Amino acid sequence: MAATLTTVNALLVIDMQVDFITGSLAVPDGPSVIEPVKEIMKLPFHARYVSKDWHPPGHISFASSHPGKPLFGLTTIFPPKHLVLAKGQDVSSIAERGLEQVLWPDHCVQGTPGAQLVEPLREDQFDAIILKGTDLGVECYSAFKDPWGLLPSNLEAMLREKGVTDLYVVGVAGDYCVKASAIDAVRVGAWTTWIVREGVRSVSTEGKEWDVLKSAGVGIINTIDDLKVKLGV
């Protein structure tokens, strides 16, 4: 007789921080996502995780770190040599690994009020906190790893240890950190990844991220009511 697979549902809340909701880099209509995320958190997940941008002062993603470059302008960033060396990789290829970077306002600086979770969310409501963008020279949208894979988080290991079969993602911003995290979650290939659209807000109002996410294999759940049906509550 075939064994029955036990469903293990986990929730990943992305970057629900003051600066992204009401602060220096607030998404449009940011406060409106607080109640949906709060409601989703009350549902019967087996584990809950939250990511936070946790940048040092002078982070490479800040426009203020690039004199003469405009706010929301673009630049090219490269993997830091010391991290490439630490990974045992060839430093001669660094110049070929450049990535386009939006230059943001200073945000989510370590230890500042803007880096804290927006009320009423609290860190003690989560099984673990994933800090990203902690290195001065590395941008990191995904809760799993930076785009060069130099500083992976322990999120994948925690989800595997928990035996997660379905990962549900909410938070901000839908077209940046939510998208990157969900796509990386699919690439792991160890669970099914879903985004609950009612619990997401984006920087852009164009909505292009949703087609990208669907193409990447992310399941889209439109409403909390649909999510409740999926979870059987």
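Side chains included, hydrogens not; waters and symmetry mates left out as well; all remaining heavy atoms used. Just so we're clear, the structure is a prediction, and the values are computed from it rather than from any experiment.
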A.B. asks: Quick check: does any side chain N or O of Asn154 sit under 3.5 Å from a backbone N or O of Ala157, one acting as donor and the other as acceptor?
C.D. replies: no

A.B. asks: A side-chain contact here means heavy atoms from C-beta on lying under 4.5 Å apart; do Ile34 and Ile21 qualify?
C.D. replies: yes

A.B. asks: What residues, two or more places apart in sequence or in another chain, satisfy side-chain contact (heavy atoms from CB on, under 4.5 Å) together with Arg187?
C.D. replies: Ile183, Asp184

A.B. asks: For residues 68-88, which side-chain N or O atoms pair as donor and acceptor with protein atoms under 3.5 Å away, sequence neighbours left out?
C.D. replies:
none

A.B. asks: According to ring pair (Phe, Tyr, Trp, His ring centres under 6.0 Å), who are the partners of Tyr141, at least two apart in sequence or on a separate chain?
C.D. replies: Tyr176

A.B. asks: I'd like to know whether Asp15 forms a salt bridge (Lys or Arg N to Asp or Glu O under 4.0 Å) with Lys132, so could you lay out the CA-CA distance, the side-chain angles of the two residues, the decisive distance to 0.1 Å, and finally the verdict.
C.D. replies: CA-CA 10 Å; Asp15 298 3; Lys132 55 193 184 69; 2.7 Å; yes

A.B. asks: Apart from Leu103 itself, which Ile, Leu, Val, Met, Phe, Trp or Tyr residues share its cluster (side-chain heavy atoms under 4.5 Å, direct or through members)?
C.D. replies: none

A.B. asks: Which pairs would a plain distance check flag for residues 60-67, meaning a side-chain donor or acceptor within less than 3.5 Å of a matching protein atom at least two apart in sequence or in another chain?
C.D. replies:
unit_1, atom_1, unit_2, atom_2, d
Ser61, OG, His59, ND1, 2.8
Ser64, OG, Asp106, OD1, 2.5
Ser64, OG, Asp106, OD2, 3.4
Ser65, OG, Gly58, O, 3.0
Ser65, OG, His59, O, 2.9
His66, NE2, Ile60, O, 2.6

A.B. asks: Check for a donor-acceptor pair, side chain of Asp19 on one end and backbone N or O of Gly23 on the other, with a separation under 3.5 Å.
C.D. replies: no

A.B. asks: Mind checking what makes salt bridge (charged side-chain N to carboxylate O under 4.0 Å, His left out) contact with Asp211, not counting sequence neighbours?
C.D. replies: none

A.B. asks: Donor-acceptor pair, distance only, cut-off 3.5 Å: does the side chain of His46 make one with the backbone of Asn9?
C.D. replies: yes

A.B. asks: Do Ser202 side-chain atoms and Ala173 backbone N/O form a donor-acceptor pair below 3.5 Å?
C.D. replies: no

A.B. asks: Hey, does the side chain of Arg201 reach the backbone of Glu198 with a donor-acceptor pair shorter than 3.5 angstrom?
C.D. replies: yes

A.B. asks: Looking at Asp175 and Ser204, would you say the former's side chain and the latter's main chain have a donor-acceptor pair under 3.5 Å?
C.D. replies: yes

